[in-house]
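I have placed the structure first, in the form of C-alpha cells, so that the comments after it can refer back to it.
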2 protein chains.
Amino acid sequence: MKTRDRILKASLQLFNEQGERNVTTNHIAAHLGISPGNLYYHFRNKADIIYSLFLQYRGLVDRYLKVPRNRTLTVEDKMFYLESVFDGLWHYRFFHRDLEYLLTMDERLRHDYREFTFHCLGEIRAVLKGLQEAGILRPHSEQEHEAMALNVWLVVTNWMAFLKTASADGGSDGNTQRELKQGIYQVLTLEMPYLTEAYYERVTAIREQYRPDLSVMEGGSRAEEPDLSV
Amino acid sequence: MKTRDRILKASLQLFNEQGERNVTTNHIAAHLGISPGNLYYHFRNKADIIYSLFLQYRGLVDRYLKVPRNRTLTVEDKMFYLESVFDGLWHYRFFHRDLEYLLTMDERLRHDYREFTFHCLGEIRAVLKGLQEAGILRPHSEQEHEAMALNVWLVVTNWMAFLKTASADGGSDGNTQRELKQGIYQVLTLEMPYLTEAYYERVTAIREQYRPDLSVMEGGSRAEEPDLSV
DNA sequence: GCAGATCTAGAGTATGTACTCTAGGATCAA
DNA sequence: TTGATCCTAGAGTACATACTCTAGATCTGC
C-alpha cells in the first residue's frame, strides 16, 4: 500500500478513536513508523489530510445514495439507504464530531461540505417522494417533504454524537457501534405517522427491531441483530 | 462585578464568538486586562471555567423548563418552552459546539451533562403527555412519546450547528441568530401529524411564522460559483 | 492602626504542535 | 552508468498553551 494511502488510513483510524483534536501529525507519523517529514511530503498540512478523508467519505455516500428516478421505491430500498448511511457515518465518525471546527479552519472543506449537505437533503427528499409515489407514504406537500428531510438529516447526522454523550462510559466504540443502528428507529419514527395503512404493519414491525433501549445505557446491552424479512 | 463573574462572562462571550478551542486562558485574561495568575486564582483550570458555565446553563434551563403537573398545558405554554429553549441554546451556544471534546476532558461534566440530558428528555416527555391530556395532541403510547422526545432533543440541540454548517458565510452570528428560531418550525414539524383536528389550524398557523427559507441559504452558494454564461 | 485574608501582577516554565530543512537513499528511463 | 525524479529520515524551529510561582497590593474586622 502506498504511503499516502497508509497515512489516510491511519489518520482515519486515529481520528475516529481519539478525535481529530487529540491526534497530531506527529502521532500519525509515529503510529506508522515514518518520519514527520515524510508525512509532510505527501500532505501539505493536517487540513489537507482531513479534506482527503472528506472526499473519501463523500465518494462513499455518493456511491450508494443514488435514488432511482425511473422506478418506484420499495421498503427494501429505504432500509438499504438507512443501513448504508449509518455504516458510512460510523466509518467516518470523527468527521461530524469536530465538524464545526474543521469547517472554520478550511474554507475549501466548508464550501464542499455545504454543497454535500444540500445534495444529501435533495436525495432524502427524492426518497420521500419516491416512497410517496410507491404508496408507502401518504401524499403531502413539497414543503412538508423539505421540513421532514431536514429533520431526517438532523437525526441521522447527530445520532452518534447523542450516543456518545448519553452513554455512561463516554461512548466506547464497542457499545456505540452496536447501538448505532438504533438511530434507524429514530428516523423511522419521523416517518411513521405518514405511513399508508397498506404498509403500516410491515414498516412498524421492521422499526420495532431497531428500538433503542435507553434504560440499558447504564450497563451493557445485548441487542440482537434486526431481522429484515418481515 | 466580581472578577470571578467577569471571567465567566468574558469566557462565555469569547467561547461563543470564537469557539472554545480557539480561546485560551491567556486570551481571556488579556481580554479582561487581568493577569493569567489572577485568572488561575479564581479557577483551577480551563475545564473549571467551562464547568461553571455549564452550571449556569443548567440553572437557566431548570428555571423555565418546569412543566406544571397540576394543570393542563396550553399552546402558549408549548411556545414559551420552545422560545426559551432556543434562547438558552443561543446564549450558551459554544457548549453544544465542542460538546464531545469537553465531555472527554472532564469526567464531572460528562456525568452531570448526562444527567441533564435525561432530565430534559423527561421534561420533553412531560410536555408531550401534557399536550395529549389537554387534547392538543392525539393520544399515543409511552414508547412513542419516548421516541418523539428523543427526536425533539436531537433537532433542538443540533439545529444551531446545522445552521452554522449550512449557511454560506460559515454562520456569522448576525444571520444565525435570526435563523435560530426557525428551529422551532422543525420541532413543530415533528409533532404536526399528531395534532388533533381541534388544534390543527391554530398550531400550523403559528408554525408557519417560523418557516425557514432554505432557498436563501442555497442561493448563497450558487452566487459563489463562476458564471459560465458569456 | 494592624494582622490576616483576599486578591492581583507578571515573569516564567514545561510541554505540545504544526511544520521545515537538508541530506541522502531508492527507482527508473535512456 | 548517469541523471532525474520520487521518496524518506530525523533533527530542528517557531510558536502557542495551560498553568505556576513569588512578591506585593488591597481589603476587612477589630
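Any value given below was found using the heavy atoms of this structure, including those in side chains, with hydrogens, waters and symmetry copies removed. Each chain gets a letter, A, B and so on, in the order the sequences are listed, and its residues count up from 1. These numbers were taken from a predicted model, which means no experiment stands behind them.
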Nearest-Å distance, [atom1] ([X]) to [atom2] ([N])?
X        : N      : atom1 : atom2 : answer
A:Asp5   : D:dC7  : CG    : P     : 12 Å
B:Tyr41  : C:dT8  : OH    : P     : 8 Å
B:Ile50  : D:dA18 : CD1   : C1'   : 12 Å
A:Leu39  : D:dA11 : CG    : P     : 17 Å
B:Lys46  : D:dT20 : NZ    : P     : 15 Å
A:Lys2   : C:dA26 : NZ    : C1'   : 12 Å
B:Asn26  : D:dA16 : CG    : C1'   : 9 Å
A:Met105 : C:dT17 : CE    : P     : 15 Å

Short side-chain N/O contact to C:dC19 OP1/OP2 from A:Thr25, under 4.0 Å: no
Distance below 4.0 Å between A:Tyr40 side-chain N/O and C:dC19 OP1 or OP2: yes
From [X] [atom1] over to [Y] [atom2], what is the distance, rounded to the nearest 0.5 angstrom?
X        : Y        : atom1 : atom2 : answer
B:Phe95  : B:Arg58  : CZ    : CZ    : 10.0 Å
B:Thr189 : B:Arg211 : OG1   : CZ    : 10.5 Å
B:His145 : B:Leu121 : NE2   : CG    : 13.5 Å

Nearest heavy-atom neighbours spanning B:Gln143 and A:Tyr185: OE1-OH, 4.2 Å
Nucleotide nearest B:Asn38 (side chain, heavy atoms from C-beta), chosen from C:dA9, D:dT20, D:dA11: C:dA9
Closest to side chain of A:Ser35, choosing from C:dA9, C:dA18, D:dT8: D:dT8
Earlier contact from the 5' end, DNA chain C, for B:His42 and A:Thr24: B:His42
